[in-house]
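Just so you know, ligand 1 is whichever comes first in the structure, and atom 1 is the first atom listed for that ligand.
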Amino acid sequence: MKSVKIGDIKIKNPICLSPMAGFSSLPFRIICNEQGTGYCPTELVSARSIRYNGVDKSLKYMRISPEEEGITAIQLFGSEPEDFEAAIETIMSTPVLKEVSIIDINMGCPVPKVIKTGSGSALMEDPVRAASIVKACKKTLEGICPNIPVTVKTRIGYNAEDKGKPDFVKALADAGADMICVHGRTRPQMYHGESSNEAIAVMREAVRGYGIPFFANGDICDAQSAKKIIEDTGCDGIMIGRAARGNPWVFGQVIAGLEGKDIPQMPSAEERKAMLIRELEGRMKYLPEDVAVREFRCVMPFYIKGLNGSAGIKVRLCSAVSLDEVKEILDFG
Ligand SMILES: Cc1cc2nc3c(=O)[nH]c(=O)nc-3n(C[C@H](O)[C@H](O)[C@H](O)COP(=O)(O)O)c2cc1C
């Protein structure tokens, strides 16, 4: 694929990790960066919470490390432009966050708790408000750090019958969005059923003339599905979500496949366990051990999927409380 610039930021590879709550930890993003990703946004963080509570509560979700991650992106969700303005001002005055490269806005989350506040995918039903949020983010950044681009991640529709929302993405591009990523499912589909490359293509075409990069997302799990979504949609880049859980190697495989090179084999069981431990130890650098292990319980099964005896190991990992216990269960080291 051609190299891509988001605003003035050149990303090394338009193959990125799609943000995932519970999975897009800083250590995992660092690992994905080593596998060749262009960048990996944080999971969604509430702009309103940052506005009223400061960053402390959300720091574990939006901690970044430009030295180890390269390009960084913090994803915010909300429904009030003023919340985004205040959140960005707070982020940009917080030493550990102000080096962020990109601000991403979530306009795709289908979770009822989020949409009932008018945030996430609910914004697809209110393009005027969505555009005003993009404008507010752009304007706030202009006064602080004008070279930070504002990107949006959204879906192909709010209602089951939607087959792409060309006017919605046009409104975002008119408001100044520097990149748009579209997941090929509607809100009611959540993460089920087929992701529609056709509907993504409708949205891609709508903003082709704006000259901003357009990313596609949904069901990419290997080089073949990556090639297909690129061909079907004419996108400039892709984001991979679920297939990367416990499997950062998918990026190396997809990148090799797209470059016409031999696709690397999956690493050995020992290497996969070592990566699991590495991510857990990374999480323990900023969380107490018991909290880190508890939060990591939903991630660990993905690292050991398909290994000998994984079903039994999975059950034991789900009640582990310490790093030593995890190592013992995995028979590691
Ligand atoms: C557990 C989970 C958490 C997610 N959290 C977020 C999030 O915080 N922000 C976001 O924009 N999308 C989120 N998503 C959506 C993914 O980024 C992605 O759009 C979706 O999973 C489709 O891509 P895939 O088929 O490659 O998984 C989440 C998805 C899953 C499965």
Side-chain angles (χ1 to χ4, degrees), residues 14-26 28-29 32 37-47 49-50 58 60-63 73-78 102-115 117 119-124 130 133 150-157 172 177 179-197 199-200 203 214-230 232-233 235 237-248 250-251 253-254 295-302 305:
I15 319 295
C16 301
L17 173 69
S18 208
M20 281 180 295
F23 292 87
S24 296
S25 69
L26 173 58
F28 187 62
R29 300 194 318 263
C32 292
T37 52
Y39 72 102
C40 308
T42 66
E43 64 184 76
L44 79 179
V45 180
S46 163
S49 169
I50 298 172
S58 330
K60 73 173 181 182
Y61 306 116
M62 58 177 177
R63 190 180 293 273
I74 293 178
Q75 188 185 67
L76 299 174
F77 76 95
I102 295 170
I103 295 292
D104 185 50
I105 309 172
N106 181 306
M107 298 196 186
C109 181
V111 173
K113 197 171 82 181
V114 169
I115 54 175
T117 65
S119 316
S121 59
L123 286 166
M124 302 192 77
I133 289 172
V150 174
T151 61
V152 177
K153 180 161 172 289
T154 187
R155 288 184 174 241
I156 56 164
L172 299 176
M179 176 278 223
I180 295 170
C181 174
V182 175
H183 169 199
R185 288 190 177 83
T186 59
R187 175 197 56 87
Q189 278 184 288
M190 306 281 283
Y191 304 104
H192 313 295
E194 211 180 312
S195 177
S196 168
N197 291 355
I200 298 175
M203 294 168 82
F214 181 97
F215 277 49
N217 160 247
D219 289 350
I220 305 166
C221 58
D222 53 18
Q224 211 181 345
S225 46
K227 262 185 207 157
K228 181 157 172 44
I229 203 168
I230 294 164
D232 288 353
T233 67
C235 62
I238 53 173
M239 288 199 155
I240 303 177
R242 289 164 300 172
R245 291 181 297 188
N247 179 19
V250 72
F251 293 106
Q253 293 176 329
V254 167
E295 289 187 357
F296 199 47
R297 283 178 186 166
C298 67
V299 181
M300 290 189 281
F302 291 99
K305 209 168 148 187

Among residues at least two apart in sequence or on other chains, which ones pass side chain to side chain contact (heavy atoms under 4.5 Å, CB included) with A73?
Y39, P41, I102
Counterpart residues, side chain to side chain contact (heavy atoms under 4.5 Å, CB included), relative to C298 (two or more places apart)
F23
Please produce the table of protein N or O atoms sitting under 3.5 Å from N or O atoms belonging to ligand 1, one pair a line, distance to 0.1 Å.
from: ligand 1; atom 1: 5 (N); to: A21; atom 2: N; distance (Å): 2.8
from: ligand 1; atom 1: 8 (O); to: L44; atom 2: N; distance (Å): 3.1
from: ligand 1; atom 1: 9 (N); to: Q75; atom 2: OE1; distance (Å): 2.8
from: ligand 1; atom 1: 9 (N); to: N106; atom 2: ND2; distance (Å): 3.3
from: ligand 1; atom 1: 11 (O); to: Q75; atom 2: OE1; distance (Å): 3.4
from: ligand 1; atom 1: 11 (O); to: Q75; atom 2: NE2; distance (Å): 2.9
from: ligand 1; atom 1: 11 (O); to: N106; atom 2: ND2; distance (Å): 3.2
from: ligand 1; atom 1: 11 (O); to: K153; atom 2: NZ; distance (Å): 3.0
from: ligand 1; atom 1: 12 (N); to: P19; atom 2: O; distance (Å): 3.2
from: ligand 1; atom 1: 12 (N); to: K153; atom 2: NZ; distance (Å): 3.0
from: ligand 1; atom 1: 14 (N); to: P19; atom 2: O; distance (Å): 3.3
from: ligand 1; atom 1: 14 (N); to: Y191; atom 2: OH; distance (Å): 3.4
from: ligand 1; atom 1: 17 (O); to: S18; atom 2: OG; distance (Å): 2.8
from: ligand 1; atom 1: 17 (O); to: P19; atom 2: O; distance (Å): 2.7
from: ligand 1; atom 1: 17 (O); to: K153; atom 2: NZ; distance (Å): 3.1
from: ligand 1; atom 1: 19 (O); to: K153; atom 2: NZ; distance (Å): 2.9
from: ligand 1; atom 1: 19 (O); to: N217; atom 2: OD1; distance (Å): 2.6
from: ligand 1; atom 1: 23 (O); to: N217; atom 2: OD1; distance (Å): 3.4
from: ligand 1; atom 1: 23 (O); to: N217; atom 2: ND2; distance (Å): 2.9
from: ligand 1; atom 1: 25 (O); to: D219; atom 2: N; distance (Å): 2.6
from: ligand 1; atom 1: 25 (O); to: R242; atom 2: NH2; distance (Å): 2.7
from: ligand 1; atom 1: 26 (O); to: G241; atom 2: N; distance (Å): 2.9
from: ligand 1; atom 1: 27 (O); to: R242; atom 2: N; distance (Å): 2.8
from: ligand 1; atom 1: 27 (O); to: R242; atom 2: NE; distance (Å): 2.7

Do we see a donor-acceptor contact under 3.5 Å between the side chains of N197 and T233?
no
Mark yes or no: R155 above the aromatic ring of Y191, with NZ or CZ under 6.0 Å from the six-membered ring centre and no more than 45 degrees from the axis.
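Yes - R155 lies over the ring of Y191, closer than 6.0 Å to its centre and within 45° of its axis.
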Between N217 and S18, what is the shortest heavy-atom contact and its length?
ND2-OG, 3.4 Å
Show me the donor-acceptor pairs within less than 3.5 Å that the side chains of residues 107-114 make with the rest of the protein, sequence neighbours left out.
none

